[in-house]
Number of protein chains: 2
Amino acid sequence: MDYSIEFLTRRLKSKAIRPSYQRIKVLEYVHQKGGHPTADDIFRALSGDIPSLSKVTVYNTLHTFVKAGLLRVVDIDDGEKRYDVTLADHGHFQCEACGTIFNFRVNIDQVPIEGLERFEITQKNVYFKGLCPNCLQPTANGRKEEAR
Amino acid sequence: MDYSIEFLTRRLKSKAIRPSYQRIKVLEYVHQKGGHPTADDIFRALSGDIPSLSKVTVYNTLHTFVKAGLLRVVDIDDGEKRYDVTLADHGHFQCEACGTIFNFRVNIDQVPIEGLERFEITQKNVYFKGLCPNCLQPTANGRKEEAR
DNA sequence: TTCATTTTTGAAACGATTTCAAATTTATAA
DNA sequence: TTATAAATTTGAAATCGTTTCAAAAATGAA
């Protein structure tokens with residue numbers, strides 16, 4: 001995919017966010033890496049490229065992106081928040097053994113709901129937990145496979 | 001309902017939890033009060049009855065209860081964890097204006113899911129956010145109604 | 001009662017996040 | 001280009017819910 005500086009800059013400008021170097025780098029990281037990185041993951045990954053980078057900047061940037069709708073917060077983990085570039089509606093599964101978070105398709109709007117008749121719903125989150133296939137099936141050598 | 005000391009004691013013993021005074025009081029509080037109290041809500045509410053009460057005891061007790069299946073954790077809120085005595089499967093809605101959490105009926109097992117074919121699911125959480133009826137409709141005097 | 005185990009407690013530690021104010025960078029207008 | 005205002009970045013310190021720790025107190029069994 002095209003995650004060039006130009007593309008990322010345009011994406012930021014389209015949301016009225018000034019395309020600072022730090023912001024472009026954060027946006028590039030979450031797009032290229034994918035998955036569900038924490039603020040600290042991002043900070044550590046970019047510290048090499050941007051030696052002056054402050055963790056506060058990462059927090060500020062993530063807040064800005066979430067508010068603009070460029071990222072979704074995944075708050076399934078007990079400790080740190082995670083960030084997801086996949087904007088389409090989907091559920092999150094966290095493996096209780098390895099901690100990995102997986103996306104899955106779920107059409108929550110198809111499910112019958114009772115008790116929210118006069119409510120205005122703006123956000124729907126589906127969080128599952130359990131064991132992923134890797135942790136469920138130990139390999140021949142007796143150890144569990146690496147989490148993807 | 002019957003939330004007598006005897007009932008609560010029996011309930012604890014049935015889960016092999018020693019019915020200490022503190023534990024009985026915490027269990028009594030969450031049953032009588034209902035809703036989705038935080039550890040601090042419980043601590044402040046019981047401090048009068050149990051002047052020596054430590055917050056650590058509340059945390060310990062809540063952990064014990066959750067592990068025994070007497071309570072469910074509701075982790076919809078950004079800050080503190082909340083605890084729910086309603087054990088039957090249900091979703092949680094948090095009003096973004098007043099912060100109140102409401103339970104609602106949802107049969108998550110009826111929803112078609114794709115991508116978790118080889119996973120073992122042990123926990124399913126449905127968290128919605130938005131505005132509750134109270135916050136949606138300002139009253140005649142111009143102020144919003146009190147949250148339930 | 002005695003002894004071992006469990007529970008409770010306050011103080012301190014922890015860790016992710018936020019707040020703050022100063023320094024730097026950027027955009028805009030003159 | 002320069003001046004000026006506004007936005008962004010930064011490190012240090014603060015915050016806050018929760019956990020860890022070790023000692024004191026309570027409890028149950030022998």
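We name chains A, B, ... by the order of the sequence lines, and we start the count at 1 in each one. Scope of the values below: all heavy atoms of this structure, side chains included, with no hydrogens, waters or symmetry mates.
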_Between Q22(B) and dA26(D), is there a contact of a side-chain N or O with OP1 or OP2 at under 4.0 Å?_
no
*Send over the distance from L62(A) CG to dT18(C) P, rounded to a whole Å.*
10 Å
_Is a donor from one side chain sitting under 3.5 angstrom from an acceptor on the other, for Q22(A) and T61(A)?_
no
*Please state how far atom CD1 in I17(B) lies from atom C1' in dT27(D), giving the value in whole angstrom units.*
16 Å
*Is the distance from OP1 or OP2 of dT19(D) to the nearest side-chain N or O of H63(B) less than 4.0 Å?*
yes
_If the cut-off is 4.0 Å, is T57(A) near the phosphate of dT10(D), judged by side-chain N/O to OP1 or OP2?_
yes
*Nearest-angstrom distance from the residue atom CG of L53(A) to P of dT8(D)*: 16 Å
_Whole-Å gap separating P (dG15(C)) and OH (Y59(A))_ = 13 Å
*What is the nucleic acid contact for T38(B), judged by heavy atoms within less than 4.0 Å: base, sugar-phosphate only, or nothing?*
nothing
*Looking only at side-chain atoms of K81(B), point me to the closest of dT6(C), dT18(D), dT8(D).*
dT18(D)
_What is the distance, to the nearest angstrom, from the CD1 atom on I42(A) to the P atom on dT17(C)?_
11 Å
*Salt-bridge criterion met for K25(B) and D49(B) (N-O under 4.0 Å)*: yes
*Consider the side chain of E80(A), meaning its heavy atoms from C-beta on, and name the nucleotide among dT18(D), dT17(C), dT9(D) that approaches it most closely.*
dT17(C)
_Between P of dA13(C) and NZ of K55(B), the distance in whole Å_ = 19 Å
_DNA chain C: 5'-proximal contact among D78(B) and R23(B) (nearest heavy atom)_ = R23(B)
_Among dT18(D), dT10(D), dT9(D), which nucleotide has an atom closest to any side-chain atom of A39(B)?_
dT18(D)
*Decide whether D41(B) and T38(B) meet the rule of one side-chain donor and one side-chain acceptor closer than 3.5 Å.*
yes
_Any S54(A) side-chain nitrogen or oxygen under 4.0 Å from OP1 or OP2 of dT9(D)_ = no
*Is the count of non-hydrogen atoms from other residues, nucleotides or ligands lying under 6.0 Å from K15(B) atom NZ greater than 12?*
yes
*Choose from dT9(D), dT17(C), dT19(C) the nucleotide whose nearest atom is closest to any side-chain atom of V56(A).*
dT19(C)
*Is a side-chain donor-acceptor pair under 3.5 Å present for H36(A) with D77(A)?*
no
_Can you measure D77(A) atom CG to dA16(C) atom P for me and round it to whole angstrom units?_
10 Å
_In this structure, how many angstroms lie between the C1' atom of dT18(D) and the CZ atom of R82(B), rounded?_
16 Å
*Could you check whether N60(B) gets within reach of a base, just the sugar-phosphate, or nothing at all, counting any heavy atom under 4.0 Å?*
base
_So, OP1 or OP2 of dT7(C): does either fall under 4.0 Å of a side-chain N or O from S20(B)?_
no
